[in-house]
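In each ligand, atom 1 is the first atom listed, and ligand 1 is the first ligand listed. What you see below is based on every heavy atom in this structure, not just the backbone, and it leaves out hydrogens, waters and symmetry mates.
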Amino acid sequence: MIFPSLISLRQANNRKGFLSAIVLVFLSTLSQAQSSVDPASIKDKMQWFADAKLGIFIHEGIYAVNGIDESWSFHNKKITYADYMKQLQGFTLKKYDPEYWADLIKESGAKYAVITTKHHDGVTMYDSQVDNLNIVKSTPARRDMIKPLFAALRERNIKCGAYFSLIDWSNSNYPGFLKDSSRYNVHDDYDRWNKFRAFFQSQIKEINQKFKPDLWWFDGDWEHSAEEWEAAKVRDIILTGNKNAIINGRLQGYGDYETPEQNFPVSRPAFNWWELCMTANNNWGYHPDDTNWKTPYQVITIFTDAVSNGGNLLLDIGPRADGSISDEDVYLLKELGAWNKRNGEAVFNTIAGIPQGHFYGPTTLSKDSTVLYLFLQGNISGSVTLKGLQNKIKDITVLGTGTHLSYNIVGKISWSKVPGLVYINVPKGVQDKYVTALKVSLDGPVKLYNGKGGL
Ligand code: FHN
């Protein structure tokens with residue numbers, strides 16, 4: 001379900017890494033089949049993540065200088081490596097205000113944020129002692145952008161995530177470089193590969209010590225196997241330094257949760273925990289020529305759909321090279337935040353909703369399953385139907401306005417155990433600007449009839 005979409009993603013984005021996509025599918029299917037993490041053993045540490053529902057993804061890097069594809073632009077030979085790295089000279093962060101970033105993320109309603117510490121181009125966004133290819137030593141920014149942001153986020157009780165690319169196409173000991181040329185093959189020169197492993201694992205150790213991420217968002221695991229990455233050891237390095245750290249599912253089977261990308265699950269993913277990562281337009285980084293922005297309505301319907309299917313949304317922004325954030329990204333986060341202020345009860349700290357077929361739209365449940373939340377997409381008025389509900393309804397209100405709604409039970413046959421249809425009357429004027437949330441309070445934990453009807 002996930003990986004074919006990644007292939008189409010790459011092709012759609014001209015990231016013609018077709019071969020890597022094939023390898024990706026094989027390795028990913030392998031890794032998924034062999035997830036090495038026992039869900040029961042991580043249930044407690046995952047609770048904040050399960051309750052959080054919304055995170056903000058931040059792709060910041062030298063690729064914002066020219067506003068081009070992050071790392072892929074040189075890998076796919078849209079620009080030479082030399083010209084790509086000339087962007088180091090234009091990366092200033094002169095308008096970078098981590099307090100403002102943290103305020104905006106707080107206002108969006110997000111409970112966590114994930115920022116790129118290093119993308120596939122190998123440039124670290126902090127003062128790495130392991131490599132001089134970092135924004136402190138190699139750009140006019142001359143400052144670490146991770147420490148002040150994590151401090152500002154933690155002041156606002158927002159969890160901090162570190163995106164880290166296992167791929168490092170700039171490192172001379174890394175096999176991969178351009179789409180059609182590699183430096184060497186691991187099996188031909190394992191000593192060189194060991195040098196690279198020691199290098200990237202040292203960076204993971206320093207990020208763990210310096211910033212103590214609450215969440216690690218690995219990427220690029222598809223280029224090598226769990227054995228080659230020493231994925232089990234990487235997991236141990238992190239958990240030894242921070243036993244409650246959460247690791248995403250891009251560590252060749254040694255992660256805690258799954259990360260579908262850009263494409264939207266139709267049926268409920270069979271994962272204990274999952275997170276849909278998504279761009280606000282078509283690109284992860286700042287790309288001024290990309291004006292294909294999603295609307296707040298589209299983001300909110302995708303968000304409620306993901307949550308109703310037991311997942312989180314990690315919504316991406318791509319700040320500029322001076323650290324300022326585009327008006328379009330700001331507008332989306334503020335509109336999403338205003339909606340969360342009106343309807344957050346139906347999202348945060350809830351659990352996945354009732355199975356499809358009982359209501360034509362996303363739903364969620366309170367943790368004790370005694371409150372059912374129904375999401376009405378678009379400007380729905382008139383009446384909406386709930387099928388198979390065996391509970392008695394205590395009350396129905398519209399979140400955001402508190403308006404109480406009436407309802408009728410239709411077609412209930414006294415001697416039959418099959419429940420009637422609940423028609424909820426939604427008058428004009430109570431609708432939310434984007435998605436309306438109805439709160440249905442029940443007489444106990446939800447009980448559903450999902451039979452085929454009849455006598
Ligand atoms: O190659 C990266 C891409 O540049 C971007 O960082 C996304 C974000 O999830 N991950 C990879 C593509 O799957």
* **Residue part near ligand 1, for F218, under 4.0 Å between non-hydrogen atoms** =>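 F218 to ligand 1: no contact under 4.0 Å from either part.
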
* Asked: Heavy-atom contacts under 4.0 Å between H75 and ligand 1: side chain, backbone, both, or neither?
  ->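 It is neither part, as no heavy atom is under 4.0 Å.
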
Where ligand 1 meets [X] - atom numbers and elements under 4.0 angstrom, heavy-atom basis:
| X | value |
| --- | --- |
| C277 | 9 (O) |
| F57 | 8 (C), 9 (O) |
| R250 | 9 (O), 10 (N), 13 (O) |
| W72 | 1 (O), 2 (C), 3 (C), 4 (O) |
| E70 | 3 (C), 4 (O), 5 (C) |
| W217 | 9 (O) |

Taking the six-membered ring for Trp, are the ring centroids of [X] and [Y] within less than 6.0 Å of each other?
| X | Y | answer |
| --- | --- | --- |
| F49 | Y257 | yes |
| W193 | Y184 | no |
| Y254 | W229 | no |
| W284 | H119 | no |
| Y81 | F74 | yes |
| H59 | Y163 | yes |

* Asked: Heavy atom of M278 under 4.0 Å from ligand 1?
  ->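 Judged by the 4.0 Å heavy-atom criterion, M278 does not count as contacting ligand 1.
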
* Tell me whether the guanidinium CZ or amine NZ of R250 lies under 6.0 angstrom from the six-membered ring centre of F218 and within 45° of its axis. =>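 Checked: cation-pi criterion not met.
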
Under 3.5 Å: N/O of [X] near N/O of ligand 1:
| X | value |
| --- | --- |
| H119 | yes |
| H59 | yes |
| D219 | yes |

* **Sidechain-backbone polar pair: N185 side chain, H187 backbone, donor-acceptor under 3.5 Å** =>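 Yes, N185 side chain to H187 backbone: donor-acceptor pair under 3.5 Å.
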
